[in-house]
Amino acid sequence: MSLFSEKKSFFGRLSEKISDAIMLRASVDEDLMDELEEILITSDIGMDTTMTIMEELRKNIKNNNITEPARVTGALKEIMTGLVDKGERQKLSQEKPLVVLVIGINGGGKTTTIGKLAYKCRKEGRTVMLAAAEQLVIWGQRNNVNVIKHKEGADPSAVVYDAIQSAKAKGIDVLICDTAGRLQNKKNLMDELEKMNRVIDREFPEAARETLLVLDATTGKNAVSQAQEFGNVTDITGIVLTKLDGTAKGGIAVTVADQFDMPIKFIGVGEGIEDLKEFVPEEFIGGIFDE
Ligand code: GDP
Ligand code: MG
């Protein structure tokens, strides 16, 4: 079953447009190339990434002597899969103990993602603890995992500090830390993340680390500039692309994967606890074409 079965989805639309364009052509010519380029650009894939894809496509068509329009789809699929595929880095670290810092602007889906991720890790047999944000208490209860929190407005690093002591004492496998997403003040954000990183490095040097950036797919190009901004202030090991259910903006996954050396690790496809899927390049891109 497709994750993106809704008619309005990015995949439905893009796949339809591409097959329409191809069906109408008798040969692989410049008109077809122009039309494909136009389709990609208007599907939120962005100018730079579209140019990269088209350049690869031209090479591929030439090298493989592709003359039938129908074969262009296969080539396009291969190129786009190659762009989003970052190999083994795609998976969340299996090391123990592991500290996962979740960052991103407010409203993007950090807290929800943490709840879903806790569920996922528990299902894999890992023990989990959550740090911070009030709302996390609810997700903690849903998952039956401990949540370390302070009063509202408390220093996030102090919460992380406490959570680390508790996680160490209990021998927890995965500690997931929520953060505040104030991007309006870059200096503050940088200081806060730096401080958290320092506390984790100092108090939990034996722990493996992940820093996941949560991006709301429905914000389209904004997601790209957020990846840029957050990437400038801290090392990001993976991206979680949320709200891919029922959005026509899935093309952003291709753009983000092309423009940043950050693997997309998970996609959010709903508000429920099970609505976090591992990002599988072939499956994701396949969804565009296999209608
Ligand atoms: P935070 O401010 O980054 O912590 O964002 P929240 O986790 O509070 O999420 C903001 C809103 O987005 C909430 O209403 C969530 O239910 C919703 N949300 C988060 N992830 C998804 C998703 O994958 N799909 C949909 N449809 N909604 C989501
Ligand atoms: Mg939150």
Side-chain angles (χ1 to χ4, degrees), residues 2-12 44 92 100-121 128-143 145 147-157 159-160 163 175-185 188-189 192-193 196 210-220 222-223 225-227 229-230 233-234 236 238-253 256 264-280 283-284 287:
S2 168
L3 299 172
F4 311 96
S5 45
E6 284 177 51
K7 289 231 161 42
K8 264 172 46 188
S9 78
F10 160 72
F11 300 100
D44 226 23
L92 187 79
V100 183
L101 203 58
V102 179
I103 64 175
I105 68 157
N106 286 337
K110 287 183 301 298
T111 304
T112 309
T113 296
I114 289 169
K116 295 168 178 176
L117 193 57
Y119 175 78
K120 196 171 190 54
C121 289
V128 178
M129 185 178 280
L130 309 179
E134 294 294 318
Q135 296 151 283
L136 264 186
V137 177
I138 298 161
W139 283 103
Q141 283 161 357
R142 271 190 221 172
N143 275 306
V145 301
V147 181
I148 304 298
K149 64 169 174 98
H150 283 199
K151 291 247 158 54
E152 197 148 347
D155 179 358
S157 298
V159 183
V160 168
L175 171 63
I176 312 176
C177 308
D178 205 352
T179 63
R182 292 181 294 267
L183 194 58
Q184 52 272 44
N185 188 337
N188 267 358
L189 177 76
E192 195 169 301
L193 290 176
M196 275 188 172
E210 288 265 11
T211 301
L212 300 181
L213 172 63
V214 172
L215 298 175
D216 176 345
T218 65
T219 65
N222 277 337
S225 49
Q226 285 161 28
E229 297 263 340
F230 278 95
V233 300
T234 194
I236 292 161
I239 286 172
V240 181
L241 208 53
T242 61
K243 312 187 194 180
L244 269 169
D245 45 313
T247 176
K249 307 241 179 200
I252 211 65
V256 166
I264 299 169
K265 296 207 177 195
F266 299 102
I267 54 175
V269 293
E271 294 179 281
I273 199 162
E274 295 196 51
D275 294 330
L276 187 73
K277 309 285 174 201
E278 270 163 26
F279 180 77
V280 183
E283 197 180 290
F284 190 86

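In each ligand, atom 1 is the first atom listed, and ligand 1 is the first ligand listed.
Each of the atoms 20 (N), 22 (C), 23 (O) of ligand 1 lies under 4.0 Å from some heavy atom of Lys116. Of all the atoms in ligand 1, the ones that sit under 4.0 Å from a non-hydrogen atom of Val269 are 23 (O). Within ligand 1, the atoms closer than 4.0 Å to a non-hydrogen atom of Ile105 are 3 (O), numbered from 1 in the order shown. Within ligand 1, the atoms closer than 4.0 Å to a non-hydrogen atom of Asn106 are 2 (O), numbered from 1 in the order shown.
Looking at Leu276, Thr112, Asp178, Thr218 and measuring to atom 15 (C) of ligand 1, the nearest heavy atom belongs to Thr112. Distances from atom 10 (C) of ligand 1 to the heavy atoms of Gly272, Gly268, Gly107 put Gly107 nearest. Of the candidates Gly108, Gly109, Gly270, the one placing a heavy atom closest to atom 22 (C) of ligand 1 is Gly270.
A salt bridge does not link Lys277 to Glu283: none of the charged side-chain nitrogens sits closer than 4.0 Å to a carboxylate oxygen.
At a heavy-atom cutoff of 4.0 Å, ligand 1 is contacted by both the backbone and the side chain of Thr111. When heavy-atom distances to ligand 1 are checked against a 4.0 Å cut-off, Lys277 has no atom that comes that close, whether in backbone or side chain.
Polar contact with ligand 1: absent for Thr113 (N/O pair, distance under 3.5 Å). An N or O contact shorter than 3.5 Å is missing between Asp275 and ligand 1 by distance.
Partner of Ile176 under the side chain to side chain contact (heavy atoms under 4.5 Å, CB included) criterion, out of Leu101, Val145, Val102: Val102 alone.
Taking backbone and side-chain atoms together, Asn106 has no N/O/S atom less than 2.8 Å away from the Mg ion (ligand 2).
The main-chain N or O of Thr219 is never found under 3.5 Å from a side-chain atom of Lys243 such that the two would form a donor-acceptor pair. Between the side chain of Lys265 and the backbone N or O of Phe279, no donor-acceptor pair lies under 3.5 Å.
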